[in-house]
Novice: 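One structure is given below, represented as structure tokens, and several questions about it will come after.
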Amino acid sequence: MIKGIKGVKDILPEETPRWRFIEETARRWAARYGYQEIRIPIFEVTTLFARSIGATTDIVEKEMYTFADRDGTSLTLRPEGTAGTVRAFVEHNRAADPLPQKYFYLGPMFRHERPQAGRLRQFHQFGVEYFGTQDARADIEVMALLWRVLSDLALPDLTLEINSLGTPADRAAYVPILVSFLKSRAARLCANCQRRMETNPLRVLDCKIPECRAATEDAPHLTAHLSPQAKDHFDLVLGGLTALGIPYRLNPRLVRGLDYYCLTAFEITSSHLGAQNAVGAGGRYDGLVEVLGGPNTPAVGFAVGLERISLMLPDQTLPPSAPSVYVASFGSEGGPAGVLLLEQLRRAGVPAQSDYRANTLKAHLRQADRAHCLFAVLLGDDEAKRGSALVRNMKTKVQEDVPLSELPRFFLTAFQAL
RNA sequence: GUGGAUGUAGCUCAGUUGGUUAGAGCGCCGGAUUGUGGAUCCGGAGGUCGCGGGUUCGAAACCCGUCAUCCACCCCA
């Protein structure tokens, strides 16, 4: 038996309604905030990701699905959506069009990791990118949009954590201060953090090991070393969140993994997700457009994991499924009449189904029950002869005789009344 | 890439110190009710016991290997 690829899941019909609901909610809120959909390719030239995400990040170093095209060009399945969106922005010279520009995307991403709860090799993200202003209100808007989507979905126990990574210059000035502090505590740090001290000192602050956290308890905070501009920006962002009634928690240890972030960095976590507790994350990446060959264009954005949302989405949040009619036709005259009726109902816009295997009324009604149909149309030879059918309300069991020609209108009005 | 747990019917799981034709519940199909669903009762279909090797008179069970899934580490959405 040929099986699916490790970490790549089928989304079966039982689950597609919840996915559609999540996607529709995301689209609805994106539209309300004035974001337009962009559809970018699922694969790109490898160097795009290496350059934008950062050559030394885990994603680029060991998690990309990379393969050679026939001419030898190295291609990669997209591990995230920002790189492609920015590439499209630059390639189509969108910066020449009026700014700001606000995009959203929705779709599969690929990372070669060991699967785990809330982590797959093909997973799905909803993300937005706001191009063209450094104004803190853009940061606020993006976070508000994310908060609204997740709140609308009634996801439990969400926390918005926020930090400022400062400007690149701020970080350059801060890192030596942090490193010298870490060196003084090196003995108390785990082996990983000892290594991270060299490769990515900021990450040491985000280590989950209690000993490391204790050792870095009184580490100097980046937020205490912000330039005046960065500090102002951060204060405006926090003030804006408060004004909009969006609760947040300052997390000076929060560091985003991707190279391109600056200033605002945020993450929404939930305690209902197991070890992978981040639902979504984002931040500002003012330098990225330029890095990818475009004009200097500030930008903010976020991405959320749809699998992680789905894991948390309470069933009660889902809207009820669309009402449907079951056609229970049988007999030498009822059978053919049922086939016609099915087609007429469907063409009139009434969802209608039947089971062609069923030969008895009992079998038909069992199917109607199982399919949760609101009505069953009982159509045997007697009914076919007189040109009508019995409409049975599956809940109340009340039956009434309705002429065949009037059935489409009958159901349209019945469904409208729901 | 590392560690741990688990692989028996479509699903959830039993299966005694190794011992005949491998079981249950749910689900599915049919009957009891020759034109009325869900409940009940009865019957039926459905299995390379993950795969390969080994030990043994005999393996679902024990050993080795392998694959897969899940969870965790790493990292991240």
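This is a predicted model, so every value here is computed, not measured. Letters A, B, ... mirror the listed sequences (proteins, then strands); counts begin at 1.
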Novice: Suppose you measure atom C1' in C74(B) against the same atom in A59(B); what distance do you get, rounded to whole Å?
Specialist: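 It comes out at 40 Å once rounded to the nearest Å.
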Novice: Does the G38(B) base have a donor-acceptor partner in the side chain of Lys397(A) within less than 3.5 Å?
Specialist: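 A donor-acceptor contact between them is present.
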Novice: Please report the distance separating the P of C49(B) from the corresponding atom of G23(B), rounded so that it comes out in whole Å.
Specialist: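 Roughly 14 Å separates the two P atoms.
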Novice: Out of curiosity, His221(A) NE2 to Arg253(A) CZ, how far, rounded to the nearest 0.5 Å?
Specialist: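 Spacing of NE2 (His221(A)) from CZ (Arg253(A)) equals 6.5 Å.
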Novice: His272(A) NE2 to A77(B) P: how many Å, rounded?
Specialist: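 After rounding, the reported distance stands at 21 Å.
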Novice: Locate the shortest heavy-atom distance separating Val350(A) from Pro408(A); write the atom from each residue and the value.
Specialist: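 The answer is CG2-O, 3.8 Å.
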Novice: Starting at CG of Asn277(A) and ending at C1' of C73(B), how long is that distance when rounded to a whole Å?
Specialist: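 Asn277(A) atom CG is separated from C73(B) atom C1' by 15 Å.
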Novice: Any side-chain N or O of Gln367(A) less than 4.0 Å from the OP1 or OP2 oxygen of G38(B)?
Specialist: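 Checking Gln367(A) against G38(B): no side-chain N or O falls below 4.0 Å of OP1 or OP2.
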Novice: Do Arg366(A) side-chain and G38(B) base share a donor-acceptor contact under 3.5 Å?
Specialist: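 No pair found.
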Novice: Once you round it to whole Å, what is the distance between C1' of G10(B) and CG of Asp10(A)?
Specialist: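 Those two atoms, CG and C1', are 15 Å apart.
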Novice: I'd like to know if Arg119(A) reaches the base of C71(B) with its side chain such that a donor and an acceptor end up less than 3.5 angstrom apart.
Specialist: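 Answer is no: no donor-acceptor pair is held.
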Novice: Could you report the tightest heavy-atom contact between Gly132(A) and Thr297(A), atom names first, then the distance?
Specialist: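 Residues Gly132(A) and Thr297(A), closest heavy atoms: N-CG2, 3.7 Å.
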Novice: When rounded to the nearest Å, what value does the distance between C1' atoms of G15(B) and A22(B) take?
Specialist: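 It comes out at 8 Å once rounded to the nearest Å.
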Novice: Write down the distance between CZ (Arg370(A)) and P (C29(B)), rounded to a whole number of angstrom.
Specialist: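 Atom-to-atom, Arg370(A) to C29(B), this comes out as 4 Å.
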Novice: Rounding to a whole Å, what distance do you find between Asp382(A):CG and U36(B):P?
Specialist: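 Taking CG of Asp382(A) and P of U36(B), I get 13 Å after rounding.
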Novice: What distance, rounded to whole Å, do you find between the two C1' atoms, one in A45(B) and one in C29(B)?
Specialist: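 Nearest-Å result for A45(B) against C29(B) at atom C1': 7 Å.
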Novice: Hey, is Phe123(A) stacking on A77(B)? Ring centres under 5.5 Å, planes under 30°.
Specialist: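 It does: the ring sits over the base of A77(B).
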Novice: Quick one: are the ring centres of Phe131(A) and Phe89(A) less than 6.0 Å apart?
Specialist: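 Yes: the rings meet the under 6.0 Å criterion.
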Novice: Where the side chain of Gln399(A) is defined as all heavy atoms beyond and including C-beta, which of G37(B), C76(B), U36(B) is the nearest nucleotide?
Specialist: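 Nearest nucleotide to the side chain: U36(B).
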Novice: Determine the interatomic distance between C1' on A60(B) and the same-named atom on C51(B); round to the nearest Å.
Specialist: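 One C1' to the other, the span is 14 Å.
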Novice: Indicate, yes or no, whether a donor-acceptor pair under 3.5 Å links the base of G1(B) to the side chain of Glu63(A).
Specialist: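 No.
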Novice: Looking only at heavy atoms, what is the nearest atom pair of His364(A) and Ser354(A), with distance?
Specialist: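 Residues His364(A) and Ser354(A), closest heavy atoms: NE2-OG, 3.9 Å.
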Novice: Using whole Å, what does the distance between atom P of nucleotide G35(B) and atom CG of Asp401(A) come to?
Specialist: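 The answer, rounded to whole Å, is 18 Å.
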Novice: On the nucleotide U69(B), are OP1 or OP2 found under 4.0 Å from the side-chain N or O atoms that Lys6(A) carries?
Specialist: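 For U69(B), OP1/OP2 do have a side-chain N/O of Lys6(A) under 4.0 Å.
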Novice: Does a nitrogen or oxygen in the side chain of Gln116(A) sit under 4.0 Å from OP1 or OP2 of C73(B)?
Specialist: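 Yes, such a contact exists.
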Novice: What integer number of Å spans the P atoms of G47(B) and C41(B)?
Specialist: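 Result for the P pair: 26 Å, nearest Å.
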Novice: What interatomic distance, in whole Å, is found between P of U55(B) and the corresponding atom of C63(B)?
Specialist: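 Their P atoms lie roughly 15 Å apart.
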Novice: Kindly say whether, by distance alone, the side chain of Arg111(A) makes a donor-acceptor pair under 3.5 Å with the base of A77(B)?
Specialist: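 Check passes, donor-acceptor contact within cut-off.
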Novice: Rounding to an integer number of angstrom, what distance separates G50(B) and C11(B) when you compare their P atoms?
Specialist: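 Per the computed distance, 13 Å lies between those P atoms.
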